[in-house]
Peer 1: 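Please find one structure pasted underneath; my questions will follow.
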Amino acid sequence: MPAFVMVGRKVCTDPKFSLNDLTGSTGRLDVLLRCVNSAFMLSNDIRRNVEIYLVLLGEPDPPRAILFRGKELKYLNPDERSTAALVKNALMKDAGADWVNSTPGIFTARKDLAGILEELGGRRIIYLKEEGDKISGINLDESDVFVLGGKEDLSPVEEALLDGRPETRRVTLGPRSLHADHCITIALNLLDNSLKE
Ligand SMILES: C[S@@+](CC[C@H](N)C(=O)[O-])C[C@H]1O[C@@H](n2cnc3c(N)ncnc32)[C@H](O)[C@@H]1O
């Protein structure tokens, strides 16, 4: 099943964040919430074969990873506010190195990008980036792991981590810089079409 890994460099790890200020004091959690929406929401259905990992690196308690697993997911609605409440519940959990369940299909752990890549080891990594190989030249596969930045691009250290792995391909979706959630919609649409052929 395809997986997406999103890094939120400044996204807060405080479960007391305000649901009324998702675009401000949360460090742009709203960007990641839209990515969750794009990863799962179809018209009147949910993609059950997708996973998305949100890596939150903001204060006061980084790193925190939140995993949404389509197969088991419940209570996901199209609006950002209710997804933010699911993230809040996950952040309230006492997280350690191993995943703990928060609500159905949502898990949390104290992991950064390196920890998640370790866990997904062996699968091809498609690092989506404005400059890279054209996606039209790539045969996408259901086991691919797509890595993207959120409001900010990945840091040089995170980029070096990806580039240091033989299974990584830097891939562009086109010449314009896109919103991360739109990148997910495009990637899944291309995958849908390539699997149909
Ligand atoms: C909103 S962009 C990040 C900030 C953006 N680079 C800027 O200068 O404002 C979010 C992420 O989407 C991905 N992305 C954006 N445009 C893309 C493109 N044309 N091809 C592939 N990935 C893209 C990258 O992973 C990027 O880090």
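All values below come from the heavy atoms of this structure, side chains included, with hydrogens, waters and symmetry mates left out. Atoms within a ligand are numbered from 1 in the order they appear, just like the ligands themselves. Heads up: numbering here begins at 1 and tracks the sequence. Keep in mind that what you see is a predicted model, and the values were worked out from it rather than measured.
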Peer 1: If you look only at pairs with a residue in residues 68-86, which of them pass as a side-chain hydrogen bond (donor to acceptor under 3.5 Å, both in side chains), with sequence neighbours excluded?
Peer 2: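 Sorted pair list: N20-R81, R34-E80, E51-R69, D79-S82.
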
Peer 1: Measure from every N or O atom of ligand 1 to the protein's N or O atoms and keep only the pairs below 3.5 Å, writing each with atom names and distance to 0.1 Å.
Peer 2:
from, atom 1, to, atom 2, distance (Å)
ligand 1, 6 (N), E130, OE2, 2.9
ligand 1, 6 (N), D153, OD1, 2.9
ligand 1, 6 (N), D153, OD2, 3.1
ligand 1, 16 (N), L178, N, 2.8
ligand 1, 19 (N), G174, O, 3.0
ligand 1, 19 (N), R176, O, 2.8
ligand 1, 20 (N), K129, O, 3.4
ligand 1, 20 (N), L173, N, 2.9
ligand 1, 22 (N), K129, N, 3.2
ligand 1, 25 (O), L128, O, 2.7
ligand 1, 25 (O), G149, N, 3.2
ligand 1, 27 (O), G149, N, 3.4
ligand 1, 27 (O), D153, OD1, 2.7

Peer 1: Tell me yes or no: between the side chains of E130 and T172, is some donor less than 3.5 Å from an acceptor?
Peer 2: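 Looking only at side-chain atoms, T172 and E130 do not form any donor-acceptor pair under 3.5 Å.
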
Peer 1: Salt bridge check, E158 against R9: does any charged N sit closer than 4.0 Å to a carboxylate O?
Peer 2: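 Counted as a salt bridge, because a side-chain N and a carboxylate O are separated by less than 4.0 Å.
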
Peer 1: Using only heavy-atom distances, determine whether the side chains of T23 and R28 contain a donor-acceptor pair under 3.5 Å.
Peer 2: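 The answer is no; no qualifying pair exists.
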
Peer 1: Using the side chain to side chain donor-acceptor pair (under 3.5 Å) criterion, which residues pair with S102? Sequence neighbours excluded.
Peer 2: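 Residues passing side chain to side chain donor-acceptor pair (under 3.5 Å) with S102: none at all.
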
Peer 1: My understanding is that a hydrophobic cluster links ILVMFWY residues whose side chain heavy atoms are under 4.5 Å apart, including indirect links. Using that, what else belongs to the cluster containing L57?
Peer 2: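 Its cluster mates, by chain and number, are V5, V7, Y53, V55, L67, W99, F107, L113, I116, L117, L120, I125, Y127, V145, V147, L154, L161, L162.
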
